[in-house]
Amino acid sequence: MPGIRRDGRRAPVVIIGRMPDNQTLPRPAAAGAPPRAAGVRLRARAALTAAAPALAAYAAVRAVGLLVFQGAASAAGKDAWHLLGGRWDSVWYQRIAENGYGYTATLPDGTLHPDLAFFPLLPALERSLAAATPLTLQGAGIAVAWLAGLFAAWGIGAVGARLHGRRAGVVLAALWGAYPTAFVQSMAYTETLFTALAAWALYAVLRDRWIVAGALSVLAGLTRPSAAALVAALTVTAAVTLVREYRSGPRPGLLRRRARMLIGVCLAPVGWLAYVVFVAVRQGGPFAYFEVQAEWGNSIDGGRALAAFIAGLPLPAALGLCAVLGLLGWLVVLCVRQRQPLPVLVYGIAIVVISLIGSGYFGSRPRLMMPAFPLLIPPALALLRLRSTARTVGVLTVLALASAGYGAWTLLGPGPP
């Protein structure tokens, strides 16, 4: 019987009382629990396993592009490696990596092109990688671009998976790799690096990790001026969140509750602003950064340069370009109708607007728009509606081959992409 000992005496009763609310019993360590470092490795392995399909799809698409380009370059008797990392903007970044800022090119018409128009993060990474490995600066630039492309595909796949499931993330990453000017993703340019930082910053916002998003935005601001789109995405999302919570919830302490969000928003423009200040101090004028960009023809004109370019084309070409711009606008409308999360939607639209309202070289606009991966979410969902893996893979294969052919044709041509 309970409470009776073997000698017949009643055993003392032990009364277990309720623990105070501010105390808890210590939990025994689980048998065989891994140490903290092993736990980090396990989480990293799980994350890589989850990302593997998106990374594999992206890598396969880009491999098609590189193989087609290598074959075309060999047939033309040209050095594919040089074409990817030894021309156009790549040379400017490598010169900065080797010698720092201070070089200015003088064009035959007297126009000055200072290297201060190029942002510092990519050259810094090139220099660091070349110093730590046997790679040349050219090889380091290509390696950074390729690694950043994988991280970008990972981030894009993570955003797509969070919004519409893992299959959508895989297709979205593959579509980004088959973008018409995706050949730039294989060059020693900043597009993959910027897209990787932007995608992971947006993913951090979607998970309410604002300080991480702000820190990634700082790095994006040291990579490209289009980081303004990322700053806009964070700022607008934070403003809407504060207004909504102010109207619906308890108002006292709202800013304190949202302190991490405010810190992230304040961090976001620091990278871009730091570089603007650096150029101002170096050149001795508060508006020196904007003057440098203007010397390269990069200023905001509200779209007048784009309109003038279209007006100067032959009628068939002008109509074709207008159709492409109409398709672009339709994709934006689809993104709005799909009610994409506010940071994703604002970022995608802002990248498009920034790419269209500048006065720079028209041929650069498609690649400047490439980081706007949210525009590919509607096509990704449309491919998933085929309800056949074979059909989806078939469409992606056709797109990959078309992108590869266009990339080989462009890279083997005389002009910049």
Side-chain angles (χ1 to χ4, degrees), residues 44-69 84 122 125 141-207 213 216 219-220 223-224 226 230 340 344 347-348 351 366-381 383-384 389 392-393 395-397 399-404 407:
R45 186 180 302 172
L48 284 172
T49 300
L55 292 175
Y58 171 78
V61 171
R62 294 309 314 134
V64 170
L66 287 171
L67 289 173
V68 171
F69 168 62
L84 291 176
L122 177 59
L125 294 175
I142 295 175
V144 169
W146 289 12
L147 290 173
L150 290 173
F151 276 101
W154 189 352
I156 290 170
V159 171
R162 186 166 184 85
L163 298 182
H164 300 287
R166 183 172 298 181
R167 291 183 68 235
V170 173
V171 174
L172 184 61
L175 280 177
W176 189 70
Y179 187 86
T181 57
F183 61 89
V184 179
Q185 297 173 18
S186 300
M187 299 174 66
Y189 272 43
T190 58
E191 271 68 23
T192 55
L193 180 59
F194 175 78
T195 306
L197 294 168
W200 283 111
L202 293 175
Y203 182 74
V205 173
L206 294 176
R207 298 194 61 186
L216 291 170
L219 296 176
T223 306
R224 295 191 61 82
S226 47
L230 201 53
Q340 291 182 2
V344 177
Y347 166 78
I351 287 289
R367 71 174 178 85
L368 296 179
M369 216 174 295
M370 188 165 54
F373 68 89
L375 296 181
L376 300 175
I377 293 178
L381 296 182
L383 283 177
L384 290 179
T389 302
T392 301
V393 172
V395 173
L396 289 174
T397 300
L399 293 175
L401 290 171
S403 175

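None of these values were measured; they are calculated from a predicted model.
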Exercise. Partners of Leu384 by side-chain contact (heavy atoms from CB on, under 4.5 Å), sequence neighbours excluded?
Worked result: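 Expected list: Arg167, Ala168, Val171, Leu381.
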Seminar exercise, completed: Sorted by chain and residue number, the side-chain contact (heavy atoms from CB on, under 4.5 Å) partners of Val61 (sequence neighbours excluded) come out as Ala174, Ala178, Ala400
pair [X]-[Y]: side-chain heavy atoms closer than 4.5 Å:
X      : Y      : value
Ser186 : Trp146 : yes
Tyr189 : Arg224 : no
Pro378 : Gln340 : yes
Leu368 : Glu191 : yes
Ile156 : Leu175 : no

Value rounded to 0.5 Å, distance of [atom1] in [X] from [atom2] in [Y]:
X      : Y      : atom1 : atom2 : result
Leu383 : Leu376 : CG    : CG    : 10.5 Å
Ile142 : Leu147 : CD1   : CG    : 12.0 Å
Leu197 : Phe151 : CG    : CZ    : 10.5 Å
Leu396 : Leu401 : CG    : CG    : 11.0 Å

Taking all non-hydrogen atoms of both residues into account, name the closest pair between [X] and [Y] and its distance.
X      : Y      : result
Leu206 : Val159 : CD1-CG1, 4.2 Å
Leu230 : Ala220 : CD2-CB, 4.0 Å
Ala54  : Ala153 : CB-O, 4.5 Å
Val144 : Leu122 : CG1-CD1, 3.7 Å
Tyr347 : Pro371 : OH-O, 2.9 Å
Leu150 : Leu55  : O-CD2, 3.2 Å

Exercise. Would you say the side chains of Tyr58 and Gln185 form a donor-acceptor pair under 3.5 Å?
Worked result: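 Side chains of Tyr58 and Gln185: pair found under 3.5 Å.
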Exercise. Between Thr397 and Val393, is there a donor-acceptor pair closer than 3.5 Å when you use the side chain of the first and the backbone of the second?
Worked result: yes
Exercise. Of Thr195, Val184, Ile351, which meets side-chain contact (heavy atoms from CB on, under 4.5 Å) against Met370?
Worked result: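 Testing Met370 for a side-chain contact (heavy atoms from CB on, under 4.5 Å) against Thr195, Val184, Ile351 leaves exactly one candidate, Val184.
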For this session: Using the test ring pair (Phe, Tyr, Trp, His ring centres under 6.0 Å), find all partners of Trp200 that sit at least two apart in sequence or belong to another chain.
Result: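 Ring pair (Phe, Tyr, Trp, His ring centres under 6.0 Å) check on Trp200 returns Trp154, Tyr203.
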